[in-house]
Amino acid sequence: MGGRYNRGGDKKNPMNDKWLLCDFHIHSNMSDGALPVNEIVDLYGEKGFDVISITDHVLDRVSLKEEKQKGEPCPNVEKEEFGEYLKLLWREKARAWKEYNLLLIPGAELTNNWKKYHILAVDIKEWIDPTLPVKEIVDCIHSQNAIAIACHPHHKPNEGPQPHIHLWRNQRKYRDIFDAWEIANRDDLFNVIGLKRFNYVANSDFHELRHLYSWKSLILAEKNEEAVKDAIRSNRYVAVYLFRENKESLG
Ligand code: ZN
Ligand code: ZN
C-alpha cells in the first residue's frame, strides 16, 4: 500500500544530498561591474560557492547607437570584443576549478533596452545579437546548448516600477520557451513566478562587492555544466537561498 504521502519506500530525502551554491547572474568590469573577472573568481571561490556564471551585458544595436550619439559611456561587450571576452572567461574558468573547485560557466546578459528585455545566456559559446526578437534570441541560445533565463521579470519593490517588463507582459507567449525565470534578483523576490509555477532560479545580479549578500540558488546536481543545466531545465531540485554570511557583512 502506501500512497503519495507515504514517508517510506523509495523516496529519499534530497536534503541529505550535496546542494550546489550557485549564482548565474554576475557582471564584471568587462561591462558595468566594479570588479575584474579574476577578483570575482577569488571572491566567490573564497566564500565557498560551487557554480557561478559571469554574464556581462551585450547591448542591442539601437540603444548602443543612441548612447554613443549622446556621448554616454556604454559599458558592454561589443560584438568585436566577444571572442576576447570568452577567452578571458575560459582562462579564469580553468583557474577557478583548479584553485577553488569552483565551476565557472561563461555567460552573457543579452540586454535589449530598446524593446525592454534582458535575457541571460548561460554557457554561451558565440555572440548573439540582443536586437533580435525574444523568440529568436532564445532559439540562438538553445542552438548553442546554453540556458535561457528571463531576468528580473517583474517590478522590483526595492527599485520601484521596472522598465524591463516586456517578458512578463507577454508571459503566455514566453512561459515555456525559457528554461527558467528569476524568482529573485539581488534583494527582490518575484512571488508571481512562484504563483504561476514557472521554472525558477535566484541570482544576485552582482555589480559590486555588497551585492554578494543577496538571493542565490541552491541546486542538487553533479558539479559539471551539463548536470547543472539539466537541473535548471527540469527544475525539480532548485531552492532559493539568501546568502548573508554574517550580520557585519550586511553594511
Ligand atoms: Zn538586467
Ligand atoms: Zn544584470
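For ligands, and for the atoms within them, numbers begin at 1 and follow the listed sequence. The basis for the numbers below is simple: all heavy atoms, side chains too, and nothing from hydrogens, waters or symmetry mates. Bear in mind the structure is a predicted one, so any value in this text is a computation, not a measurement.
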Next on the checklist: Suppose you place the vertex at the Zn ion (ligand 2); what is the angle out to D205 OD1 and H25 NE2, to 10°?
Outcome noted: 80°
Checklist entry - Just wondering, is there an N, O or S atom on H152 that's nearer than 2.8 Å to the Zn ion (ligand 2)? => result no
Next on the checklist: Check this for me: R233, atom CZ, are more than 12 non-hydrogen atoms of other residues, nucleotides or ligands nearer than 6.0 Å?
Outcome noted: yes
Checklist entry - Side chains of K216 and S214: donor-acceptor distance under 3.5 Å anywhere? => result yes
Item to check | V58 vs F82 side-chain heavy atoms within contact, under 4.5 Å | outcome: yes
Checklist outcome for this item: Looking at E109, the N, O or S atom sitting nearest the Zn ion (ligand 1) is OE2
Checklist entry - Going by the angle between their ring planes, with limits at 30° and 60°, are F49 and Y44 parallel, tilted or perpendicular? => result perpendicular
Checklist entry - Between the Zn ion (ligand 2) and H27, is there an N, O or S atom separated by less than 2.8 Å? => result yes
Next on the checklist: Checking V201 against I232 for the side-chain contact (heavy atoms from CB on, under 4.5 Å) test, could you report, in this order, the C-alpha distance in whole Å, the side-chain angles of both residues, the deciding distance, and whether it holds?
Outcome noted: CA-CA 8 Å; V201 287; I232 295 172; 4.2 Å; yes
Checklist entry - In H118, what N, O or S atom is nearest to the Zn ion (ligand 1), if we give its atom name? => result ND1
